[in-house]
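All values below were derived from every heavy atom in this structure, side-chain atoms included, with hydrogens, water molecules and symmetry-related copies excluded. Residue numbers run from 1 in the order of the sequence given.
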Amino acid sequence: MDDLAAPVTGTYSDAPREPLITLVEARDVVRLLMHFAETNGPGSDEELDAYALATELAGRLPSE
């Protein structure tokens, strides 16, 4: 098995730490991805990839 594909294991501190990305930042990423999807030629691979990623990320975000 490729080492990069193996699950990450280890022990983690209980100390408080900053999130990898804040909710505000995540919503901004989704907004920018949707903008990119809409402005990059209809049906292009980039449009479809950006739209798919934006949709997946938006589905993981909590509602207001």
Using the rule that Ile, Leu, Val, Met, Phe, Trp and Tyr join whenever any side-chain heavy atoms are under 4.5 Å apart, tell me whether [X] and [Y] fall into a single cluster.
X: Leu57; Y: Tyr51; result: yes
X: Val30; Y: Ile21; result: yes
X: Leu23; Y: Leu32; result: no

Point to revise | Rounded distance [0.5 Å steps], CG in Leu33 versus CD in Glu47 | key: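 With rounding to 0.5 Å, CG (Leu33) is 12.5 Å from CD (Glu47).
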Exercise for review: Kindly compute the distance separating CG (Asp45) from CG (Asp49), expressed to the nearest 0.5 Å.
Suggested key: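 Here the interatomic distance stands at 6.0 Å.
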Search all heavy atoms of [X] against all heavy atoms of [Y] and return the closest pair with its distance.
X: Glu25; Y: Thr22; result: OE1-N, 2.8 Å
X: Leu61; Y: Ala26; result: CD2-CB, 3.5 Å
X: Met34; Y: Ala54; result: SD-CB, 3.4 Å

